[in-house]
Number of protein chains: 2
Amino acid sequence: MAIPHPIPDPLAQMIAERFKVLGEPMRIRILDHLRDGPQAVGVLADELGTSQQNVSKHLGLLHGAGLVHRERRGNAVLYEIADQGVFDMCEHVCGGLQRHLAELQSLVTGEVTR
Amino acid sequence: MAIPHPIPDPLAQMIAERFKVLGEPMRIRILDHLRDGPQAVGVLADELGTSQQNVSKHLGLLHGAGLVHRERRGNAVLYEIADQGVFDMCEHVCGGLQRHLAELQSLVTGEVTR
DNA sequence: CAACTTGACAACTACTTGGTTGATAAGTAC
DNA sequence: GTACTTATCAACCAAGTAGTTGTCAAGTTG
């Protein structure tokens, strides 16, 4: 999976689009809650402490990006993770965060890390 | 590298922050141009077809997130990738994009893929 | 010293978007 | 049928931000 270099403009656009979808705390939290399995909109809204409309809106975005699947179950609509790879991405980000924070810390403690 | 579940609110915030920094085409393109090695701000601006001020602003953000390093070299300032892991992330995103697009395509062609 | 180059910062505009509010559609229960 | 539940859609507002313009600081050259 090699990315062309220099990167074509439309590809940069698509990649950024994907990142942008994940660049919102509420959406990260929604995805995290879906780790336990499919959930209905209302349940998520309660658990996350926000409105049903808000969750629905975010889920619509996530669905548009192909990150979650939708399924009607009677009166409710169940959403579930469509691409488990999202969590790999989150872990990758956490790794980067740790490296960055360690670097900052070394500036304070006096170059202990690295 | 396991992410706690349920995810703490501040962590979701930090992860989203990271993704948000990458959620901008111009910044993706800047990072891509830095793959060839350290570059000066002005050179990047020329290559990317935007203003020096704009590139400087984006590089400031990337630097704040710890994604690039800054180094004064005479009169110029050289920026370079600080965390090669960014490109792994981009490839990961591309993989997700491919899966999503293949899924959409199967809807058109009539369930050939999957 | 002055003239020039290079990059960062501040202010501003225009656009995007997260969250709310209100209304509508789909489904169930009676 | 009506009443109730659940989710989506549309309109709106407020906050954030990408890009421009103008200015300033740091460094080099003559």
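Below, chains carry the letters A, B, ... as their sequence lines are ordered, and counting in each starts from 1.
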Phosphate OP1/OP2 of C/dG19: any A/S51 side-chain N/O under 4.0 Å
no
Restricting to salt bridge (Lys or Arg N to Asp or Glu O under 4.0 Å), what partner residues turn up for B/D9, sequence neighbours left out?
A/R29
Describe the nucleic acid contact of B/L61 in one word from base, sugar-phosphate, nothing, applying a heavy-atom distance below 4.0 Å.
sugar-phosphate
Which distance, rounded to the nearest 0.5 Å, do you find between the CD of B/E24 and the CD of A/E17?
10.0 Å
Whole angstroms only, please: what is the CG-C1' distance between B/L59 and C/dC9?
14 Å
Which nucleotide of DNA chain D is the first, and which the last, in the 5' to 3' direction, to come under 4.0 Å of a heavy atom belonging to chain B?
D/dA18 to D/dT28
Is any N or O donor-acceptor pair between the side chain of A/Q53 and the base of C/dG22 shorter than 3.5 Å?
yes
Side chain of A/M26: nearest nucleotide among C/dG19, C/dA8, C/dG18?
C/dG19
Between A/G23 and B/L78, the residue closer to the 5' end of DNA chain C by nearest nucleotide is B/L78
Given C/dG27, is OP1 or OP2 found less than 4.0 Å from the side-chain N or O atoms of A/N75?
no
Once you round it to whole Å, what is the distance between P of C/dC15 and CG of B/N54?
16 Å
I want to check one thing: is the phosphate of C/dT20, taken as OP1 and OP2, less than 4.0 Å away from some side-chain N or O of A/T50?
yes
Counting the atoms with a prime plus P, OP1 and OP2 as sugar-phosphate, which does A/R73 contact under 4.0 Å by heavy atoms, base, sugar-phosphate, or nothing?
nothing
Can you check the A/Q52 CD to C/dA23 P distance for me, whole Å?
16 Å
Spacing between B/D46 atom CG and C/dT5 atom C1', to the nearest angstrom:
13 Å
A/L59 and side-chain contact (heavy atoms from CB on, under 4.5 Å): which partner among A/L31, A/L44, A/L67, A/V77?
A/L44
Report yes if at least one side-chain N or O of A/H58 is closer than 4.0 Å to OP1 or OP2 of C/dG19; otherwise report no.
yes
Can you confirm whether the side chains of A/H5 and B/D32 place a donor and an acceptor under 3.5 Å from each other?
yes
If I take atom NZ in residue B/K20 and atom P in nucleotide C/dT16, what distance separates them, rounded to the nearest angstrom?
16 Å
Rounded distance [0.5 Å steps], NZ in B/K20 versus CD1 in B/I15:
13.5 Å
Within the distance-only criterion (no hydrogens, no angle test), does the side chain of A/R27 pair as donor or acceptor with the backbone N or O of A/L62 below 3.5 angstrom?
no
How long is the line joining CZ of A/R27 and C1' of C/dG19, in whole Å?
12 Å
Classify the side-chain pair B/E47/B/H33 by whether it contains a donor and acceptor separated by less than 3.5 Å.
yes
Measure from the side-chain heavy atoms of A/K57 and tell me the nearest of C/dG18, C/dT5, C/dT17.
C/dG18
